[in-house]
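Each chain gets a letter, A, B and so on, in the order its sequence line appears, and its residues count up from 1.
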There are 2 protein chains.
Amino acid sequence: MLIGEMGEPAARAGSALRTSGYRLTRQRQLVWDTLRRTRRHLSAEQIGAALKRQEQAVDMATVYRSLDVLQRLGLIRSSRLGERQYFEVAEPGEHYHLVCDNCGTANHIEGEDLAPVLRHITDGHRFAVRSADLIVHGWCEKCQAKLASTP
Amino acid sequence: MLIGEMGEPAARAGSALRTSGYRLTRQRQLVWDTLRRTRRHLSAEQIGAALKRQEQAVDMATVYRSLDVLQRLGLIRSSRLGERQYFEVAEPGEHYHLVCDNCGTANHIEGEDLAPVLRHITDGHRFAVRSADLIVHGWCEKCQAKLASTP
DNA sequence: GTAACTGCAAATTCTTTGCACATAT
DNA sequence: ATATGTGCAAAGAATTTGCAGTTAC
């Protein structure tokens, strides 16, 4: 099941920033809002481009710095999908990344299936798991059909 | 269980290269041997540095090009662990990457635990899985002890 | 008022590419 | 013999950094 709306309070970023001694600036707000409005993963460049499109241009250096702060506060998380680093709002619970090698789209799906795997790692290897990211490469449904028709 | 020696025939690269129309050069041999001798992941830079140390310097451009060929032949595989791309000899079977966020070392462990997870993805989501990489971040045993003693 | 933040431009880092020469087959 | 591969140097892409001016608190 694809992750849909999740009722993330928009004010969350503001209070999280302030209680940590950071300041709530127009730029940080904009970066956060951009990520919140999308349910997909966005690269830093995509965020910058989106903001420029809405005449709210933010310098790329600032986009990167904002992403860094938001990540430090645990509000967003990132993973390397393909070439770039992609960012998304941090949601509780596991999810995997499905990257289509044909069209490049990256979706995430929820699930608790990783629990036994992580337990194995913790028990068998004395490794303290902090976070886990399962990146699956392959073909999405659309591209499977496309590739089947042109052999 | 950490992956140890696996009896990889050293000649594998040579024949794989030749039957695919590639040439077996000193540089490709060196890059392959370097990866074979290590059971850990190596970045392109680490491979280059290792070769320089043994007075067998290979230009970085060539290291990258060699890695590219070896990967195309399926002899090695790579994943993005942390900042860099890391390379390792391709072994059959699943394995996960354990990245210690404290000391940075990346190990891999074997296991078949991912099978049910991937089945879930295939069945429930009509996504054709081609490869999967589970990257687990956390603290390795050594660093857990270290961090426990200094709170 | 002042420490934190931003934009700009320059620096860095990792990786790729163009080209003349070298080498494996 | 000749297509492939290499080294070198230069280009690229993504991200970081230094700094003077700006802004949130």
Side-chain angles (χ1 to χ4, degrees), chain A residues 11 13-35 41-52 55-73 75-87 104 106, chain B residues 11 13-35 41-52 55-73 75-87 104 106:
Chain A
S15 40
L17 282 166
R18 261 180 292 241
T19 58
S20 307
Y22 292 104
R23 291 176 182 179
L24 177 55
T25 62
R26 187 183 72 90
Q27 291 84 339
R28 287 176 182 167
Q29 186 72 255
L30 284 168
V31 169
W32 168 250
D33 287 348
T34 304
L35 276 171
H41 307 73
L42 294 177
S43 66
E45 219 206 322
Q46 290 176 312
I47 295 171
L51 291 174
K52 189 176 285 181
E55 320 250 311
Q56 295 270 38
V58 171
D59 191 87
M60 281 312 294
T62 302
V63 171
Y64 280 110
R65 283 186 281 225
S66 300
L67 289 168
D68 192 56
V69 170
L70 292 172
Q71 186 154 31
R72 239 205 290 292
L73 294 177
L75 292 166
I76 66 175
R77 50 192 238 92
S78 72
S79 30
R80 205 100 195 187
L81 307 176
E83 308 291 274
R84 282 186 181 72
Q85 194 82 18
Y86 283 85
F87 300 86
Chain B
S15 40
L17 281 166
R18 263 180 290 240
T19 58
S20 307
Y22 292 104
R23 291 177 182 177
L24 177 55
T25 62
R26 188 184 70 91
Q27 291 84 339
R28 287 176 182 166
Q29 186 72 256
L30 285 167
V31 169
W32 168 250
D33 287 347
T34 305
L35 275 171
H41 306 73
L42 294 177
S43 65
E45 220 205 321
Q46 290 176 313
I47 294 171
L51 291 174
K52 189 176 288 180
E55 320 249 313
Q56 295 271 38
V58 171
D59 191 87
M60 281 311 296
T62 301
V63 172
Y64 279 109
R65 282 185 282 224
S66 300
L67 289 168
D68 193 53
V69 170
L70 293 172
Q71 186 155 33
R72 239 205 289 290
L73 294 177
L75 292 166
I76 66 175
R77 48 191 239 93
S78 71
S79 31
R80 204 100 195 185
L81 306 176
E83 309 291 275
R84 282 185 182 74
Q85 195 81 17
Y86 282 85
F87 301 85

Where along nucleotides 19-25 of chain D does protein come under 4.0 Å, by heavy atom, of base (B) or sugar-phosphate alone (S), with - for untouched nucleotides?
-> ----BBS
Less than 4.5 Å apart, any side-chain heavy atom of B:Thr25 and any of B:Gln29?
-> no
Residues at least two apart in sequence or cross-chain that pass salt bridge (Lys or Arg N to Asp or Glu O under 4.0 Å) with B:Arg72, listed by chain then number, are B:Asp68
Sequence neighbours excluded, the answer for salt bridge (Lys or Arg N to Asp or Glu O under 4.0 Å) partners of A:Asp59 is none
Smallest heavy-atom separation, A:Gln27 atom then A:Val58 atom, equals CG-CG1, 3.8 Å
To the nearest Å, how far apart are [X] [atom1] and [N] [atom2]?
X: A:Asp68; N: C:dA4; atom1: CG; atom2: C1'; answer: 15 Å
X: A:Tyr86; N: D:dT15; atom1: OH; atom2: C1'; answer: 15 Å
X: B:Leu70; N: D:dG5; atom1: CG; atom2: C1'; answer: 13 Å
X: B:Asp59; N: C:dA20; atom1: CG; atom2: C1'; answer: 14 Å
X: A:Arg72; N: C:dA4; atom1: CZ; atom2: P; answer: 13 Å
X: A:Gln56; N: C:dG7; atom1: CD; atom2: C1'; answer: 16 Å
X: B:Met60; N: D:dA9; atom1: CE; atom2: C1'; answer: 15 Å
X: A:Leu17; N: C:dT6; atom1: CG; atom2: C1'; answer: 15 Å

First locate atom CD1 of A:Ile76, then atom CG of A:Leu35, and finally report the distance between them rounded to the nearest 0.5 Å.
-> 5.5 Å
Looking at residues at least two apart in the chain, or sitting in another chain, which of them share a side chain to side chain contact (heavy atoms under 4.5 Å, CB included) with A:Thr19?
-> none
Those residues that, when tested against B:Ala44, pass side chain to side chain contact (heavy atoms under 4.5 Å, CB included) (two or more places apart) | B:Met60, B:Val63, B:Tyr64, B:Leu67, B:Phe87
How sharply is the helix from C:dG1-D:dC25 to C:dT25-D:dA1 bent, taking the axes over five pairs at either end and rounding to 10 degrees?
-> 40°
Any A:Gln27 side-chain nitrogen or oxygen under 4.0 Å from OP1 or OP2 of C:dG7 | yes
Start with the C-alpha distance between B:Leu42 and B:Tyr86, add both sets of side-chain angles, then the distance that settles side chain to side chain contact (heavy atoms under 4.5 Å, CB included), and finish with yes or no.
-> CA-CA 5 Å; B:Leu42 294 177; B:Tyr86 282 85; 5.5 Å; no
Pick the nucleotide of DNA chain D nearest each of B:Val58 and B:Gly21; which residue has the one closer to the 5' end?
-> B:Gly21
Among all residues two or more places apart in sequence or in another chain, which pass the side-chain hydrogen bond (donor to acceptor under 3.5 Å, both in side chains) test with A:Gln85?
-> A:Ser78, A:Arg80
Any residue meeting side-chain hydrogen bond (donor to acceptor under 3.5 Å, both in side chains) with B:Arg65, in chain and number order, not counting sequence neighbours | none
Listing time: all N or O pairs from protein to nucleotides 10-14 of chain D that are below 3.5 Å?
from, atom 1, to, atom 2, distance (Å)
D:dA14, OP1, A:Arg84, NE, 3.2
D:dA14, OP1, A:Arg84, NH2, 2.4

Return each pair, listed once, that meets salt bridge (Lys or Arg N to Asp or Glu O under 4.0 Å) where at least one residue sits in residues 13-29 of chain A; pairs must be two or more places apart or across chains.
-> none
